[in-house]
Trainee: 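Have a look at this one before I ask anything.
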Amino acid sequence: MYDYDLLVVGSANADLVISVERRPGAGETVLGSDLAVHPGGKGANQAVAAARLGACTALLARVGDDAHGRLLLDSQRAAGVDTVGVLVGGAPTGVALITVDPSGDNSIVVSPGANGRLTPADVRAAGSLFHASRVVSAQLEIPLETVVEVVRSLAPDSRFVLNPSPPQPLPQEVLAACDPLIVNEHEARVILGESRVGDRPEDWARILLAKGPRSVVVTLGAEGALVADADGVVRVPSPKVAAVDTTGAGDAFTAALAWRLGAGSGLTEAAGYAARVGAAAVTRRGAQESFPTAEEVDAL
C-alpha cells in the first residue's frame, strides 16, 4: 500500500564549520581553521539516517538554487533518499555558521533561508507523497504553520512523529497527532514551562502525555531514553560506547524510531533500536557521515 517507509518534512542546511582557539568577543577578530562545509539540517539528517538503515525514504524540503543546495541534494541521493519532494529556489539555502573551540563547545548562528519558505501550500501540493508514506516525521526548523499543514495532510492510517526542535509551544492539533512526541531534556523543559513538576524525566513524560500526544519519548543521551504511553512509562537503556561527537545523534535516534514503528515494532522495542543507532552515531565525528548502516547497528 505504501511506497515509502518514511517521509521526512523538514529543514536542509549547509553547516559551515570553523575551529577556533577561542570564540571571539564583541568587536574581536580571531583566526580559525580552514572552512569545512557539511550537509546538515534536522530534516536532511533524519532522511539520510533512515535511508542508511535501509528505510525507503523521501524528503520534503526546500533548498536554494546554489552550491549549498546542490551539496544537500547530492548527499540525499548518495544515501538513497528520494528527492522528488525537494523544492529548489525562492531563497538561498539555509546555513548554520558554527565555531568550535578546543573543548568541543560551539556557537551557532542559523540563517533559515529556503527552510523558512517551505509553506503550507508546498505541503498541500505534495499530497501524493503523504498518501504514499507509512510514517511522516517533522521538526520545527521550518515554519510551525507548515507543520500544522503536515498534520492535516496525513493519510488516514499513517503515523506522525515530531521532534519539536527548536522547542516552542505547540497547538493542540499538532500535539494530538504525535505518536510519539520525541523530546530531549531541554526541549521537555521548554514545552512544559510552568507545568513542569519534579526533576525526574518520568514525571515530565507523564505531564507531556497528559497534554495530548498519543505517546511520548524523552531522550536521555548516554542514559538511553524513556517511553510513555497509555500502558505506562518504561526506561530504555543505551549501549555504553566511547562518544566522540554527539552532533546529529538525536536526528539518527528519531529517524530510526520512526522507521521501526512503521515496520511494526512496539514503541519500547523501537526506542531500544533507536538508542543503539544513536550510540553508534556518537562514535564518529560529524552528523550525516556518522550515521550507521543496519549492519553496523547489529554489530553494536
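Residue numbers run from 1 in the order of the sequence given. Scope of the values below: all heavy atoms of this structure, side chains included, with no hydrogens, waters or symmetry mates.
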Trainee: With the 4.5 Å side-chain cut-off for hydrophobic clustering, are Val217 and Leu192 part of the same group?
Mentor: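 The answer is no; the residues belong to distinct hydrophobic clusters.
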Trainee: If you apply the rule side chain to side chain donor-acceptor pair (under 3.5 Å), what do you find for Asn163 with Gln139, and how did you get there?
Mentor: CA-CA 5 Å; Asn163 172 218; Gln139 326 78 40; over 6 Å; no
Trainee: Taking side chain as C-beta onward, heavy atoms only, is Trp204 less than 4.5 Å from Glu185?
Mentor: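 Yes, at least one pair of side-chain atoms sits under 4.5 Å.
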Trainee: Do Thr83 and Gln76 meet the criterion of a side-chain donor-acceptor pair at a distance under 3.5 Å?
Mentor: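 The criterion, which ignores hydrogens and geometry beyond distance, is not satisfied for Gln76 and Thr83.
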Trainee: Taking the side chain as every heavy atom from C-beta outward, state whether Ile108 and Leu97 have any pair of such atoms under 4.5 Å apart.
Mentor: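 Not touching, per the 4.5 Å side-chain cut-off.
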Trainee: With clusters defined by side-chain heavy atoms of hydrophobic residues (ILVMFWY) lying less than 4.5 Å apart, directly or transitively, does Phe130 cluster with Val148?
Mentor: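 Both belong to a single hydrophobic cluster.
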Trainee: Side chain to side chain donor-acceptor pair (under 3.5 Å), that's the test. Do Asn184 and Thr219 meet it? Break it down for me.
Mentor: CA-CA 5 Å; Asn184 62 23; Thr219 59; 5.3 Å; no
Trainee: Between Val282 and Val241, is there a side-chain heavy-atom distance shorter than 4.5 Å?
Mentor: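 Yes, close enough: below the 4.5 Å cut-off.
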Trainee: Check the side chains of Asn115 and Glu141 for a donor-acceptor pair under 3.5 angstrom, ignoring hydrogens and angles.
Mentor: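 The answer is no; no qualifying pair exists.
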Trainee: Starting at OH of Tyr273, measure out to CG of Asp298 and round the result to the nearest 0.5 Å.
Mentor: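 With rounding to 0.5 Å, OH (Tyr273) is 6.0 Å from CG (Asp298).
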Trainee: Under 3.5 Å, is there a donor-acceptor pair between the side chain of Ser290 and the main chain of Gln288?
Mentor: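 The answer is no, because no donor-acceptor pair under 3.5 Å joins these two groups.
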Trainee: Any side-chain heavy atom of Glu21 sitting closer than 4.5 Å to one from Asp101?
Mentor: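 Side-chain contact under 4.5 Å: no.
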Trainee: Pro143 and Leu118: which non-hydrogen atoms are nearest, and at how many Å?
Mentor: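 Here Pro143 and Leu118 meet closest at CD-O, 3.7 Å.
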Trainee: Closer than 4.0 angstrom, basic N to acidic O: yes or no for Glu223 and Arg235?
Mentor: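 Judged by the 4.0 Å cut-off on N to carboxylate O distance, Glu223 and Arg235 do not form a salt bridge.
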Trainee: Looking at side-chain heavy atoms only, is the closest gap between Ser11 and Leu140 below 4.5 Å?
Mentor: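 They are not in side-chain contact.
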Trainee: Can any side-chain N or O of Asp74 pair as donor or acceptor with the backbone N or O of Leu71 at less than 3.5 Å?
Mentor: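 Absent.
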Trainee: Rounded to the nearest 0.5 Å, how far does OG of Ser238 lie from CZ of Phe253?
Mentor: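 One gets 9.0 Å once the value is rounded to the nearest 0.5 Å.
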Trainee: Look at the side chain of Ser33 and the backbone N and O of Ser19, then say whether any donor-acceptor pair between them is shorter than 3.5 Å.
Mentor: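 Such a contact is found between Ser33 side chain and Ser19 backbone.
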Trainee: Among Val227, Leu267, Leu226, which residue meets the side chain to side chain contact (heavy atoms under 4.5 Å, CB included) test with Val234?
Mentor: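 Only one option passes, and that is Val227.
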Trainee: Do the side chain of Arg214 and the main chain of Pro180 share a donor and acceptor less than 3.5 angstrom apart?
Mentor: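 Not a single qualifying donor-acceptor pair exists.
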Trainee: Quick one: closest heavy-atom pair of Asn45 and Ala287, and the distance?
Mentor: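 It is ND2-CB, 4.1 Å.
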Trainee: Tell me whether Ile182 is reachable from Val218 by hopping between hydrophobic residues (I, L, V, M, F, W, Y) whose side-chain heavy atoms are closer than 4.5 Å.
Mentor: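 They do not share one cluster, since no chain of ILVMFWY contacts under 4.5 Å joins Val218 to Ile182.
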Trainee: Would a 4.5 Å heavy-atom cut-off, applied to side chains only, mark His68 and Val95 as touching?
Mentor: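 In contact.
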Trainee: Using the rule that two of Ile, Leu, Val, Met, Phe, Trp, Tyr join whenever any of their side-chain heavy atoms come within less than 4.5 Å, decide whether Ile142 and Leu6 are in one cluster.
Mentor: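 In one cluster with Ile142: Leu6, no.
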Trainee: Look up atom OG in Ser137 and atom CG in Leu60, then write down how far apart they are to the nearest 0.5 Å.
Mentor: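 Reported value, rounded in 0.5 Å steps: 12.0 Å.
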Trainee: Do Ser153 side-chain atoms and Glu149 backbone N/O form a donor-acceptor pair below 3.5 Å?
Mentor: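 Between the backbone of Glu149 and the side chain of Ser153 there is a qualifying donor-acceptor contact (under 3.5 Å).
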Trainee: Does Arg260 come within less than 4.0 Å of Glu269, counting only side-chain N to carboxylate O?
Mentor: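 Answer for the salt bridge query: no.
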Trainee: Counting distance only, does the side-chain N/O of Glu28 pair as donor-acceptor with the main-chain N or O of Gly25 below 3.5 Å?
Mentor: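 Yes; judged by distance alone, with no hydrogens or angles, the pair exists.
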Trainee: Have Asp251 and Thr254 got a donor and an acceptor in their side chains that come within less than 3.5 Å?
Mentor: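 There is no such pair (donor and acceptor under 3.5 Å, judged by atom type) between the side chains of Asp251 and Thr254.
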Trainee: Does the side chain of Asp229 come within less than 4.5 Å of Val216's, by heavy atoms?
Mentor: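 Not in contact.
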Trainee: Is the backbone N or O of Val84 less than 3.5 Å from a side-chain atom of Asp82, with the two atoms forming a donor-acceptor pair by type?
Mentor: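 Yes; judged by distance alone, with no hydrogens or angles, the pair exists.
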Trainee: Any salt bridge between Arg52 and Glu296, counting N to O under 4.0 Å?
Mentor: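 Here Arg52 does not pair with Glu296 in a salt bridge, since their nearest N and O are not under 4.0 Å apart.
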Trainee: Under 3.5 Å, is there a donor-acceptor pair linking the side chains of Thr93 and Asp66?
Mentor: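 Asp66 and Thr93 do have a side-chain donor-acceptor pair below 3.5 Å.
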Trainee: Evaluate the side-chain proximity of Leu220 to Pro201: yes if any heavy-atom separation is below 4.5 Å, no if none is.
Mentor: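 A side-chain contact exists here, since the closest heavy-atom pair is under 4.5 Å.
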Trainee: Are Val123 and Leu162 linked, directly or through intermediate hydrophobic residues, by side-chain heavy-atom contacts shorter than 4.5 Å (ILVMFWY only)?
Mentor: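 Same cluster.
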